[in-house]
Amino acid sequence: MNTATKLSGFALGLAAVFGAAYGVGQLTDPVAPAAGTRHDTTAAHGSAPHDGTGSEAASQIPGGLLVSDRGYTLAPVSAPPGEFAFRITGPDGQTVTAFDEAHDKRMHLIVTRRDLSGFRHVHPEMAADGTWRVASPFGDPGTWRAFADFIPTGGEVLTLGVDVDIPKRPSSTQ
């Protein structure tokens, strides 16, 4: 048998195997949902019903991926070296100062490196002006994601996230 015949036979056999696998896959678990079915994530996650304001799209995104959600925004503020500070602003643009407790704390701050090589869960303290402060939870230089998990008084649980770049410290020369 020559090479061209062998390659043609192999290609034909491969096409038959892939075709059969595709057919079996379509019969057992089609990729497209059946007509009339809908996955409603808002009911499962306790979110507000669709109100036509566009907020329903954000309610289907996992917490921590957005800097702003439902009018609330996580805003880092300048802080002295060795400290991390931020504020939560509300739908009215003002700094939020009233939070309900969840898991014995009013604010949970989780930071993780983007390459997942570092992780910390801390509880910052809020000043009277609504600024949350904590000793820097960031370790090595790199890009970190800070997740603020909280409940504004009278509101729903929110998790907002923001990227924080920790620069390399300049090396000192002696």
Side-chain angles (χ1 to χ4, degrees), residues 31-33 38-174:
V31 174
R38 184 175 151 243
H39 179 70
D40 187 0
T41 59
T42 57
H45 298 291
S47 298
H50 297 296
D51 59 6
T53 64
S55 63
E56 59 270 9
S59 70
Q60 294 180 9
I61 296 173
L65 295 182
L66 301 174
V67 174
S68 296
D69 188 10
R70 291 176 250 167
Y72 293 90
T73 300
L74 170 59
V77 297
S78 60
E83 188 176 274
F84 180 64
F86 62 93
R87 290 186 182 126
I88 303 296
T89 58
D92 59 0
Q94 300 297 311
T95 301
V96 178
T97 58
F99 295 87
D100 291 337
E101 280 191 6
H103 308 290
D104 298 325
K105 299 291 181 182
R106 294 189 308 154
M107 179 66 67
H108 298 269
L109 182 70
I110 297 101
V111 298
T112 184
R113 279 182 55 103
R114 280 295 197 168
D115 64 5
L116 302 178
S117 66
F119 169 88
R120 293 202 175 90
H121 179 170
V122 296
H123 301 108
E125 295 293 323
M126 187 180 75
D129 69 352
T131 301
W132 293 90
R133 296 182 184 280
V134 65
S136 180
F138 309 105
D140 297 330
T143 302
W144 291 74
R145 184 76 175 175
F147 300 92
D149 188 41
F150 60 94
I151 305 171
T153 298
E156 299 177 30
V157 174
L158 283 169
T159 303
L160 303 177
V162 66
D163 284 338
V164 178
D165 289 319
I166 304 301
K168 288 185 179 181
R169 295 174 191 99
S171 59
S172 60
T173 56
Q174 297 179 1

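- Put simply, the side chain of R70 reaches to within 4.5 Å of the side chain of E156, judged on heavy atoms.
- Only one option out of T112, D165, I166 pairs with F138 in a side-chain contact (heavy atoms from CB on, under 4.5 Å); it is I166.
- Partners of R120 according to the side chain to side chain donor-acceptor pair (under 3.5 Å) rule, which considers only residues two or more places apart in sequence or in another chain, do not exist here.
- In this structure, the side chains of T73 and V67 come closer than 4.5 Å at one or more pairs of heavy atoms.
- A salt bridge does not link E101 to R106: none of the charged side-chain nitrogens sits closer than 4.0 Å to a carboxylate oxygen.
- R87 contributes no side-chain N or O that, together with a main-chain N or O of Q94, makes up a donor-acceptor pair within less than 3.5 Å.
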Under the side-chain contact (heavy atoms from CB on, under 4.5 Å) criterion, do T131 and F86 qualify, and how do the steps go? CA-CA 6 Å; T131 301; F86 62 93; over 6 Å; no
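- Of all heavy-atom pairs between R145 and L66, the closest is NH2-N, 4.0 Å.
- In plain terms, the two heavy atoms of G130 and T97 that are nearest each other are CA-CG2, 3.7 Å.
- Nearest approach of F84 to P76, heavy atoms of both residues: CE1-CB, 4.4 Å.
- The two residues V164 and A146 come nearest to each other via the heavy atoms CG2-CB, 4.3 Å.
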Could you please spell out the steps behind the side-chain hydrogen bond (donor to acceptor under 3.5 Å, both in side chains) verdict for H108 and H123? CA-CA 5 Å; H108 298 269; H123 301 108; 3.0 Å; yes
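- In this structure, T153 contributes its side chain and A98 its backbone to a donor-acceptor pair below 3.5 Å.
- Taking the six-membered ring where the residue is Trp, the centroids of W132 and F99 are separated by under 6.0 Å.
- Minimum heavy-atom separation, A85 to A79: CB-CB, 3.8 Å.
- The shortest non-hydrogen separation linking L109 to P124 is CB-CD, 3.9 Å.
- Here the side chains of F119 and V111 are not in contact, with every heavy-atom distance at 4.5 Å or above.
- A salt bridge is absent between K168 and D140; no separation between the charged side-chain nitrogens and carboxylate oxygens falls under 4.0 Å.
- Around CG of D115, the count of heavy atoms belonging to other residues, nucleotides or ligands within 6.0 Å exceeds 12.
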L160/Y72 under side-chain contact (heavy atoms from CB on, under 4.5 Å): CA gap, chis, key distance, verdict: CA-CA 8 Å; L160 303 177; Y72 293 90; 4.2 Å; yes
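- For the pair I88 and P152, the minimum side-chain heavy-atom distance is 4.5 Å or more.
- A donor-acceptor contact under 3.5 angstrom links the side chains of T159 and D149, judged on distance only.
- Ion pairing between a basic and an acidic side chain is recognised when a charged N comes within 4.0 Å of a carboxylate O; R133 and E125 show no such pairing.
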